[in-house]
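Ligands are counted one by one from 1 in listed order, and the atoms in each one are counted from 1 as well. A quick note: this is a predicted structure, and the numbers were derived from the prediction, not measured. By convention here, the first residue in the shown sequence is residue 1.
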Amino acid sequence: MINAVFFDFDHTLQDLDNAYDVALKTVLVPAFAGAGVPPAEIKNTMNLRWPGLWHRFLAGELEERDLYLYWLRDTLTDLNLSVAEPGLLDLTQRYQTCFGASLALYPEVMSSIQTLIVAKPQLTLAILTNGPTDRQSARIATHGLTQYIALLCISEALGVSKPDRRFFQAALHQAKVTASQAVMIGDHPIVDIKGASAVGIRTIWLNRSDQPWPSDLRWNPDGEARDLSQAVDHILRWMKEP
Ligand SMILES: [Mg+2]
């Protein structure tokens with residue numbers, strides 16, 4: 001019996017990629033228009049620089065405001081583009097403002113959630129996300145999700161991050177369900193799928209860009225979906241199981 005559905009937030013419900021692209025084209029490309037660096041190279045360099053800084057942020061070594069400042073600073077250094085400190089601060093703020101204003105849910109998210117609710121009104125829907133509590137809960141509210149989502153599990157508030165099994169155990173406890181009664185939907189093979197699988201939660205890998213499952217991983221998702229409506233189809237099928 002399925003009594004709870006857990007959603008990852010970033011790259012699962014919320015489209016970050018589009019917001020990154022808009023902020024890149026609107027703020028960064030015009031700022032360095034004369035430098036001859038192709039926008040794709042700026043984007044690739046930012047993608048390379050992000051994981052290390054994000055890791056330091058999660059470890060408590062960086063404040064959020066420095067995270068974005070350092071991200072741009074390191075990216076521009078790699079690209080041999082120089083900006084004086086006041087200009088870099090201004091650029092970072094404009095980039096963040098544009099990025100935040102461009103965030104949206106993937107188009108099928110609301111209808112998929114409503115399909116689930118119609119299928120089983122007493123289902124507990126939860127969002128399980130890593131990140132700062134204030135920012136993530138504000139974005140979830142801005143997108144109008146609060147009316148459907150009974151439970152928010154956010155790493156900063158819990159004091160532990162996905163994929164740590166304690167994060168998923170806390171989510172099960174707060175949702176008042178056992179692992180076999182829950183499904184986790186997420187885009188990340190390790191952060192979402194490994195962590196949930198490790199405590200016995202059924203998993204759906206949201207694979208929007210049609211990537212192969214990483215062959216070096218020793219675990220597999222229970223289902224795979226190209227978008228949230230396909231993920232919901234899996235759940236509706238599982239709900240019919242005896
Ligand atoms: Mg994600």
Any donor-acceptor N/O pair, [X] side chain to [Y] backbone, under 3.5 Å:
X	Y	answer
Glu61	Ala59	no
Asp192	Asp187	yes
Gln181	Thr178	yes

By residue and atom, what protein N/O/S atoms are less than 2.8 Å from the Mg ion (ligand 1)?
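Protein N, O or S atoms closer than 2.8 Å to the Mg ion (ligand 1): Asp8 OD2, Asp10 O, Asp187 OD1.
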Give the minimum heavy-atom separation between Ala171 and Leu128, together with the two atoms involved.
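Minimum heavy-atom contact is CB-CD2, 3.8 Å.
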For Arg94, is there an ion pair with Asp90 - N to carboxylate O distance below 4.0 angstrom?
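Yes.
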With a 4.0 Å cut-off, would you call Asp17 and Arg208 a salt bridge?
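Salt bridge: no.
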